[in-house]
Engineer: 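My questions will all concern the structure given below.
These numbers come from the heavy atoms of this one structure, side chains and all, not from hydrogens, waters or symmetry mates.
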Amino acid sequence: MERISWDQYFMAQSHLLALRSTCTRLSVGATIVRDKRMIAGGYNGSVSGGVHCTDEGCYVIDSHCVRTIHAEMNALLQCAKFGVPTEGAEIYVTHFPCIHCTKALIQAGIQTVYYSKNYKNHPYAEELFKQSGVRVEQVELDEMIIDLKNHEKLEFVSMLIQKLAQTGTTELDIRQLHEQANQLFTSYS
């Protein structure tokens with residue numbers, strides 16, 4: 001198996017961090033990296049020790065949950081808390097940053113923002129990144145990278161296809177199903 005790229009590695013980390021999110025509207029993860037080393041991570045959720053949206057629902061004002069701290073901010077705050085400089089660092093985020101996070105990332109000296117998914121990309125955030133010379137690049141995560149059950153899934157699908165063969169499905173159809181399953185479970189594009 002080929003080694004995954006640095007971008008895929010760090011983006012996968014951000015997707016794993018998003019699994020810790022306590023936001024019921026959107027799970028977001030962020031990983032701050034400097035010199036190919038993770039220096040901080042964050043996910044969106046409530047303040048430490050506070051009530052979580054998953055427990056009591058979102059506290060929404062003007063279409064925004066005010067209970068939630070965004071993943072990017074949590075990662076930056078982790079650096080601040082432990083005295084880790086962010087000047088010249090990169091951040092990998094599962095979703096395009098909001099305007100407030102955009103401003104914080106610029107002020108913190110982040111030089112590159114990698115995001116996986118578009119999410120309400122605001123033109124002003126894009127303009128701010130451009131004006132400040134922050135490079136922004138979309139890096140979609142190859143979902144197969146973090147699928148720890150890939151082999152078991154392939155075996156299960158093969159077993160289902162074999163059972164289907166016992167029902168009288170043609171040999172050509174069975175072969176095509178096997179080929180499709182193999183492509184789905186071995187594709188790294």
Engineer: Report the C-alpha distance between Gln111 and Glu90 in whole Å, list the side-chain angles of each, state the deciding distance to 0.1 Å, and finish with yes or no for side chain to side chain contact (heavy atoms under 4.5 Å, CB included).
Structural biologist: CA-CA 6 Å; Gln111 70 179 8; Glu90 304 170 324; 4.1 Å; yes
Engineer: Measuring from atom CD of Gln8 to atom CE of Met11, what distance do you get when rounded to the nearest 0.5 angstrom?
Structural biologist: 8.0 Å
Engineer: Hydrophobic cluster membership, with links at side-chain heavy-atom distances under 4.5 Å among I/L/V/M/F/W/Y: are Ile69 and Tyr59 in one?
Structural biologist: no
Engineer: Heavy-atom distance under 4.5 Å between the side chains of Val113 and Val134, does that happen here?
Structural biologist: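 Sidechains of Val134 and Val113: in contact.
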Engineer: Atom CD1 in Ile110, atom OG in Ser132: separation rounded to 0.5 Å?
Structural biologist: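 Answer for the CD1-OG pair, Ile110 versus Ser132, is 11.0 Å.
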Engineer: What pair of heavy atoms forms the shortest contact from Ala30 to Leu17, and how long is it?
Structural biologist: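 Answer, listing the atom of Ala30 first, then Leu17: O-CD1, 3.2 Å.
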Engineer: State whether the side chain of Arg20 and the backbone N or O of Gly29 hold a donor-acceptor pair below 3.5 Å, judged by distance alone.
Structural biologist: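 Absent.
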Engineer: Can you see which heavy atom on Arg25 is nearest to which on Ser63, and at what distance?
Structural biologist: NH2-O, 3.0 Å
Engineer: Applying the 4.5 Å side-chain criterion to the ILVMFWY set and letting contacts propagate, would Ile61 and Met73 be lumped into a single cluster?
Structural biologist: no
Engineer: About how many Å separate NE2 of His64 and NE2 of His70, when rounded to the nearest 0.5 Å?
Structural biologist: 8.0 Å
Engineer: Quick check for you: to the nearest 0.5 Å, what is the distance between Arg67 atom CZ and Asp55 atom CG?
Structural biologist: 8.5 Å
Engineer: Do any N or O atoms from the side chain of His52 and from the backbone of Thr54 form a donor-acceptor pair under 3.5 angstrom?
Structural biologist: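 No.
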Engineer: In terms of hydrophobic clustering (I, L, V, M, F, W, Y; side-chain heavy atoms under 4.5 Å; direct or indirect links), are Val93 and Tyr124 co-clustered?
Structural biologist: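 Same cluster: Val93 reaches Tyr124 through Ile, Leu, Val, Met, Phe, Trp or Tyr contacts under 4.5 Å.
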Engineer: Locate the shortest heavy-atom distance separating Cys98 from Glu72; write the atom from each residue and the value.
Structural biologist: N-OE2, 4.5 Å
Engineer: Once side-chain hydrogen bond (donor to acceptor under 3.5 Å, both in side chains) is applied, do any residues pair with Thr86, and if so which ones, sequence neighbours excluded?
Structural biologist: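 Listed in chain order: nothing, the list is empty.
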Engineer: Could you check whether atom CD of Glu140 has more than 12 heavy atoms from other residues, nucleotides or ligands sitting under 6.0 Å from it?
Structural biologist: no
Engineer: As an exercise, state the distance from OH of Tyr119 to NZ of Lys117, rounded to the nearest 0.5 Å.
Structural biologist: 12.0 Å
Engineer: Is there a donor-acceptor pair under 3.5 Å between the side chain of Gln13 and the backbone N or O of Thr31?
Structural biologist: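 Answer holds: no.
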Engineer: Can you see which heavy atom on Ser116 is nearest to which on His15, and at what distance?
Structural biologist: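 Nearest pair, atom of Ser116 first, then His15: OG-NE2, 3.4 Å.
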Engineer: According to the side-chain hydrogen bond (donor to acceptor under 3.5 Å, both in side chains) rule, which pairs have a member within residues 92-108, sequence neighbours left out?
Structural biologist: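 Sorted result for residues 92-108: Asp7-Tyr92.
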Engineer: Yes or no on side chain to side chain contact (heavy atoms under 4.5 Å, CB included) for Phe96 and Glu126, after CA distance, side-chain angles and deciding distance?
Structural biologist: CA-CA 10 Å; Phe96 191 86; Glu126 293 173 349; 3.6 Å; yes
Engineer: Flag yes if Phe129 and Ile99 sit in one hydrophobic cluster, no otherwise; membership is Ile, Leu, Val, Met, Phe, Trp, Tyr, and two members link when side-chain heavy atoms are under 4.5 Å apart.
Structural biologist: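 In one cluster with Phe129: Ile99, yes.
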Engineer: Check whether any side-chain heavy atom of Leu76 sits under 4.5 Å from a side-chain heavy atom of Ile32, and report yes or no.
Structural biologist: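 They are in side-chain contact.
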Engineer: The criterion is side-chain hydrogen bond (donor to acceptor under 3.5 Å, both in side chains); which residues satisfy it with Arg135, sequence neighbours excluded?
Structural biologist: Tyr114, Glu137
Engineer: Mark yes or no for whether Thr68, through its side chain, and Cys65, through its backbone, hold a donor-acceptor pair below 3.5 Å.
Structural biologist: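 Checked: no pair found.
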Engineer: What class does the angle between the rings of Tyr9 and Trp6 fall in, given that below 30° is parallel, 30 to 60° is tilted and above 60° is perpendicular?
Structural biologist: perpendicular
Engineer: Is Val136 reachable from Leu141 through a run of hydrophobic residues whose side-chain heavy atoms are each under 4.5 Å from the next?
Structural biologist: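 No, Leu141 does not connect to Val136 through the hydrophobic network.
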Engineer: Determine whether the side chains of Gln166 and Gln162 contain a donor N or O and an acceptor N or O closer than 3.5 Å.
Structural biologist: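 No, Gln162 and Gln166 have no side-chain donor paired with an acceptor closer than 3.5 Å.
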Engineer: What pairs with Leu19 under side chain to side chain contact (heavy atoms under 4.5 Å, CB included), at least two apart in sequence or on another chain?
Structural biologist: Leu16
Engineer: Which residues pass the side chain to side chain contact (heavy atoms under 4.5 Å, CB included) test with Asn118, sequence neighbours left out?
Structural biologist: Tyr115, Asn121, Gln138
Engineer: What's the spacing between Asn74 CG and Cys79 SG if we round to 0.5 Å?
Structural biologist: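 The distance works out to 11.0 Å.
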Engineer: Name every donor-acceptor pair, under 3.5 Å, that has one atom in a side chain of residues 39-50 and the other anywhere in the protein, sequence neighbours excluded.
Structural biologist:
residue: Asn44; atom: OD1; partner: Ser21; partner atom: OG; Å: 2.7
residue: Asn44; atom: OD1; partner: Val28; partner atom: N; Å: 2.9
residue: Asn44; atom: ND2; partner: Leu26; partner atom: O; Å: 2.6
residue: Ser46; atom: OG; partner: Val51; partner atom: O; Å: 2.6

